[in-house]
Number of protein chains: 2
Amino acid sequence: MTTMSNRYQADAAKNRPTMRHVAALAGVGIKTVSRVMNDEAGVSEATRKRVLSASQQLNYQLDMAAGSLRRSGRQTLSIGLLLPSVSNPFSSEIHRALEDTLAARGIAVFAASLDDDPEREKALVAAFLGRRVDGLVLTPIAKSQSYVIPEHSRDLPMVFIDREPVGIEADAVVTDNAVGAAKAAAHLIAHGHTKLAYLGDRADIQTARERKRGFVEELGRAGIATSAVPVIEGLHDEESACQAALGLLRSEDPPTAVFSSQNLVTFGAMRALKELGASRRVALVGFDDFTLADMMDPGITVIAQHPERIGKLAAERLLARIDGDDSTPQTYVVPSELIERGSGELRPR
Amino acid sequence: MTTMSNRYQADAAKNRPTMRHVAALAGVGIKTVSRVMNDEAGVSEATRKRVLSASQQLNYQLDMAAGSLRRSGRQTLSIGLLLPSVSNPFSSEIHRALEDTLAARGIAVFAASLDDDPEREKALVAAFLGRRVDGLVLTPIAKSQSYVIPEHSRDLPMVFIDREPVGIEADAVVTDNAVGAAKAAAHLIAHGHTKLAYLGDRADIQTARERKRGFVEELGRAGIATSAVPVIEGLHDEESACQAALGLLRSEDPPTAVFSSQNLVTFGAMRALKELGASRRVALVGFDDFTLADMMDPGITVIAQHPERIGKLAAERLLARIDGDDSTPQTYVVPSELIERGSGELRPR
DNA sequence: GTGAAAGCGCTAACAC
DNA sequence: GTGTTAGCGCTTTCAC
């Protein structure tokens, strides 16, 4: 028996030990080891200690994959998260909040970046499915998400974030984009502006469309002719936004207030205003908050989103689904918030 | 036969289909399905097509976990990544670069946040090991990493980033912290400053210690008495850094140039300078680059790190180890870069 | 080219 | 309390 234990021990030092190794060393059956490792009842304290000691001696680690293969329910305690990019500040805040909520349940997170590529979206979903994740949290970018319908019907929990999915009914957690943009317009109008301008992202992005819609509708409510308000779309980076803003501000009848629909666009507008020395003359409200916004001169007024709340809510919905909630899928709206910092409170002239 | 196929098909619509389902529907043996799904040779084109069609019809997805259980080598095509926080900009840039390099090999990334908690470090490593990751990339924060020695000896590939591990010999990828800080000191001295000040992070963080060492050593080389240079450490957030900077700048003999060892500290210093209206009078160089640094007034001169290079290099080292490289572990140093933007080029008086 | 049998590490079901 | 047997979905081995 001693030789056998030794052999198992030597074996386990190089190769990864299994329950058999632990069982042999502890002198018990394999099922007993399983009971101890899973904190199941029905093991005497003495046996428990022997098993624990053997497992520590061998540095044994339960193999979750092998376990879940046999276990009914087949949970892997891991989920897949698809983001525009893991390095995008908005996305990574969501990621963090999700992680915190899921970690409390011992769930690990696979994270991946989409880069606006619909093909990648499908490929990454497939990659996650192959790893048998217990759920999926994704930022949809493909035209339709109907390709996941088979999985969804198999009760794979799924929550969409930032944008609502198309072609499938599933839970979603989004910002009130239209309302937020309308708040920005109303704020500028309340400060005396009638000559507004809109700098927007690509129209194929759902959130961008929503923001534009909200902004324009608010103009209508305020009785400002939409035709008098320049709306520039298709801005996806700082440089193009800066050029667009420069064009507007140098025109014959320049706006006295600008709304930018997204961070990079806001940065471009800020650069343009700075270049023209107009930062304290032309009002600016940007959608989405950013670091150092309060350190600018003037501070930049923004419609802040709450990524941490989106992430937390998405995680909670996912857990509820994992726990068997089968109510009708729903879209949850997280309100945005106007933060006054100076640039949005400048008055015309 | 038809009834059987139908039964399997109905079964597969609700439950997840297995190779058996596909085999039954295609009218072949299970091993043939395996061959097709793994792109193995030795299957006639006709059979291949039948199998492929059946698998698409059922929406079949190969189960990687089950496969790797039996497969020799047992690769799961997933790795674990441990970061200070997934939402930290520096970390998430590393994350992104890692992901890109590993995605090319079909490797998925588990990401998790440490929050400066040594216990979490150990727990998360255990969680990853239980999921049988093929490798680990980690930012060490515990006092010693000797707890992973057993895994390391079992040839689990492992690369440390940002900080070198203690108590174990393993690959590491780090910034040249001391050299970078020395460059900052030299830059300020070259611009005529002799009255410098150092604002630093907590001394228990390795990178913070290195930066201080490099800075102080450069003072020595320049013949500036270290005793004449205030060195404040233990600053871990913007507020404490701001207070420390205010104290220094309001003292009887204030510094003409400040070096801040980290982003949040830099922000605090910027705020203090702004509050005192000293932004254009007192020089500032910060360690680590940040968004909008060029939009400040003046632009903020920084010692930029290259997270994308750190991430890429770490991924490459990990892949090399996974591929069997068993050369002596090594520390790879990624050079930092001085970026002049104005604040660091201000002269005294 | 193809398939049957064994077994990866574990848990379910049941016997003792 | 504890151990034995079967089998999760797949790949290996080897026979046809």
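First the proteins, then the strands, lettered A, B, ... as listed; each starts at 1.
Interface residues of residues 32-49 of chain A facing DNA chain D, ordered by number: Thr32(A), Arg35(A), Gly42(A), Val43(A), Ser44(A), Thr47(A); criterion, heavy-atom separation under 4.0 Å.
Taking the side chain of Met19(B) as heavy atoms from C-beta on, and the options dG9(D), dT4(D), dT11(D), the nearest nucleotide is dT11(D). Distance from the side chain of Arg20(B) is smallest to dC8(D) among dC8(D), dT12(D), dT4(D).
For the pairing with Met158(A), the side-chain contact (heavy atoms from CB on, under 4.5 Å) check across Asp171(A), Leu138(A), Val125(A) returns one residue only, Leu138(A).
Sequence order on DNA chain C of the closest nucleotides to Arg70(B) and Tyr60(A) puts Arg70(B) first from the 5' end.
Arg321(B) places a side-chain N or O within donor-acceptor distance of the main-chain N or O of Ser327(B), the cut-off being under 3.5 Å. Put simply, the side chain of Ser34(B) never gets that close to the backbone of Ile30(B): no donor and acceptor are under 3.5 Å apart.
From the 5' end on, the contacts that DNA chain C makes with chain B at under 4.0 Å to a non-hydrogen atom open and close at dG1(C) to dG9(C).
Between the side chains of Thr76(B) and Arg131(B), no donor N or O sits under 3.5 Å from an acceptor N or O. Looking only at atom types and distance, the side chain of Gln145(A) has a donor-acceptor partner in the side chain of Glu121(A) under 3.5 Å away. A donor-acceptor contact closer than 3.5 angstrom is absent between the side chains of Asp115(B) and Ser113(B).
Annotation: the terminal axes of the helix from dG1(C)-dC16(D) to dC16(C)-dG1(D) meet at 30°, where each axis is the rotation carrying the C1' atoms of four end pairs onto the next four (5 pairs per end, rounded to 10°).
A distance of 8.5 Å separates CZ in Phe90(A) from OG1 in Thr139(A), rounded to the nearest 0.5 Å.
We find that CG of Leu69(A) is positioned 7 Å from P of dG9(D), with the value rounded to whole Å. In this structure, Asp63(A) places its CG atom 14 Å from C1' of dG9(D), rounding to the nearest Å.
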